[in-house]
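What follows is a set of notes on a single structure, which appears directly below.
Letters A, B, ... mirror the listed sequences (proteins, then strands); counts begin at 1. Heavy-atom basis, side chains included; hydrogens, waters and symmetry copies ignored.
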There are 2 protein chains.
Amino acid sequence: MQLGEGVEWAVHACVLLAVVPPDQALPAARLAEYHELPSAYLAKQLQSLAGAGIITSVPGRRGGYRLARPAADITVLDVVRAVEGSAPAFRCSEIRQRGPAAVGPEHYPKPCGVARVMWAAEEAWRSVLAATTVHDLLVGVTTDASPVSIRRAVTWMQEAAR
Amino acid sequence: MQLGEGVEWAVHACVLLAVVPPDQALPAARLAEYHELPSAYLAKQLQSLAGAGIITSVPGRRGGYRLARPAADITVLDVVRAVEGSAPAFRCSEIRQRGPAAVGPEHYPKPCGVARVMWAAEEAWRSVLAATTVHDLLVGVTTDASPVSIRRAVTWMQEAAR
DNA sequence: GTCCCTATACTCGGATAGCAAGTGTCCGAGTATAGGCGG
DNA sequence: CCGCCTATACTCGGACACTTGCTATCCGAGTATAGGGAC
């Protein structure tokens, strides 16, 4: 099991977008530049986020991306599901209904016990991700990061808005 | 994010092995036959289980596989980690340490906040999987399955042991 | 000085290659068994 | 009748192709802006 690399990028991008003034927009190229990421591929993740309604794209010359709603209303789960898809990680193929011991489908009223455990685990996973918002992450970054790094970030952002 | 198909097979195989008498062994071909699975590929998963010490392989003519320890001591997490690997699903590439706002590595004492959330979610996922054992699954199957299906399974197992 | 028009440059969006990991399969090494042989 | 030896057949184990999905990239469509010109 392995999450795509783009998940990390998308979450960080949302955190960075959370500090952009609401009347501005940050182009994808600037976002990629801030994290030293390949801009062409990051654009793919941003498109997924825009399609999910998490960020909105502003076309035109001074365009770019901005958050579609307050950062406190965007959970990490929202971002992960937008990028990675909302399909469950465990796919039950109902192999218990095959083979020499199989009987008619009407004899399996409850889902497979294996699948129930797997899905419960995924539910717990989602629950933790849904408990943290982009705003929470932003607060954590501002308290953890060194003052020098924050100053550089502010300077860079003023440059980018120019 | 997607789990491999083999996880489902491996768990079901362990449940089936849990009902094999301790002085016998079930060949991989029989296991595959019971679930109508490609035997050659199932063998791969069984080898992973054997390598992790969950099941033991008995070579020779009347050989096969059997559980290495009581079913109550084998958690679903054990099986999943054996087949899927124990690497974390989320890989943090520390992109916060790159870009124009980056400072020296000594200024990042705590792990990245994004990674902390992701790892906490995975920990919750593992916790649920570790709370269920193969024995629990076997009990669930025997109570849920229809009597007809159980009778057929017993008959088939007697045939296989012949 | 103000308004409008046009050309521009910059933005996103989807369509397009490359690659790694998962999926599926095969044949060879090793061993307990079954049968035959000798005592 | 009993023990030993050999040949066998069956088992696992690792090495080998193929396919799907992730990774990475590009160029075209669309739009707000900036500048220039007319009034």
Query raised in the report: Does a side-chain N-to-carboxylate-O contact under 4.0 Å join D78(A) and R69(A)?
Result: yes
Requested in this report: Select base, sugar-phosphate, or nothing to describe what Q2(A) touches, counting heavy atoms under 4.0 Å on all strands.
Outcome: nothing
**Report entry** R30(A) or S39(B), whichever maps to the more 5' nucleotide of DNA chain C
**Finding:** R30(A)
Query raised in the report: R91(B) side chain: which of dA34(D), dT25(D), dT23(D) is closest?
Result: dT23(D)
Query - Out of dA34(D), dG13(D), dG24(C), whichever nucleotide has its closest atom nearest the side chain of A50(B) - result: dG13(D)
Requested in this report: Report the nucleotide, chosen from dC12(D), dT33(C), dT25(C), that has the shortest atom-to-atom distance to any side-chain atom of K44(B).
Outcome: dT25(C)
Report task. List the atom of R96(A), the atom of K110(A), and the distance in Å for their closest heavy-atom pair. Result -> NH2-O, 2.7 Å
Requested in this report: Would you indicate which nucleotide in dG13(D), dA15(D), dA34(D) comes nearest to any side-chain atom of R62(A)?
Outcome: dA34(D)
Query raised in the report: What are the two closest non-hydrogen atoms of R152(B) and P100(A), and how far apart are they?
Result: CD-O, 3.7 Å
Report task. Assign each of P59(A) and L42(A) to its nearest nucleotide of DNA chain D by heavy atoms, then name whichever residue's nucleotide is nearer the 5' end. Result -> L42(A)
Query - Value in whole Å for how far the P atom of dA32(C) lies from CD of Q24(B) - result: 17 Å
Report summary line: Of the candidates dT25(D), dG13(C), dC26(C), the side chain of A40(A) sits closest to dT25(D)
Query raised in the report: Which is true for A28(A) with a 4.0 Å heavy-atom rule: it touches a base, it touches only sugar-phosphate, or it touches nothing?
Result: sugar-phosphate
Query raised in the report: Which one, dT23(C), dG14(D), dG13(C), comes nearest to the side chain of Q47(B)?
Result: dG14(D)
Query raised in the report: At under 4.0 Å, does any side-chain N or O of S57(B) touch on OP1 or OP2 of dG13(D)?
Result: yes
**Report entry** Atom pair distance, as rounded to whole Å: CD in E8(A) and C1' in dC22(D)
**Finding:** 16 Å
**Report entry** Length of the CG-C1' vector between L3(B) and dA21(C), whole Å
**Finding:** 14 Å
Query - Atom-pair distance (CD on Q45(A); P on dG13(C)), nearest Å - result: 14 Å
Query - Rounded interatomic separation in angstrom, taking CE from M1(A) and P from dT23(C) - result: 13 Å
Report task. Could you check how far CZ of R61(B) sits from C1' of dT33(C), rounded to whole Å? Result -> 6 Å
Requested in this report: Measure from CH2 on W9(B) to C1' on dG22(C) and round the result to the nearest Å.
Outcome: 11 Å
Report summary line: Side-chain contact check for Y41(A): nearest option of dT11(D), dT23(C), dC22(D) is dC22(D)
Requested in this report: Taking all non-hydrogen atoms of both residues into account, name the closest pair between C112(A) and C92(A) and its distance.
Outcome: CB-SG, 4.1 Å
Query - Candidate nucleotides dT33(D), dT25(D), dC12(D), ranked by approach to the side chain of Y65(B) - the nearest - result: dC12(D)
Query raised in the report: Can you check the L37(B) CG to dT25(C) C1' distance for me, whole Å?
Result: 15 Å
Query raised in the report: Under 3.5 Å, side chain of D136(A) to main-chain N/O of T133(A), donor-acceptor pair present?
Result: yes
**Report entry** Pairwise 5' ranking along DNA chain C for G63(A) and A43(B), keeping only the more 5' one
**Finding:** G63(A)
Query - Carboxylate-amine/guanidinium proximity below 4.0 Å for R116(B) and D144(A) - result: yes
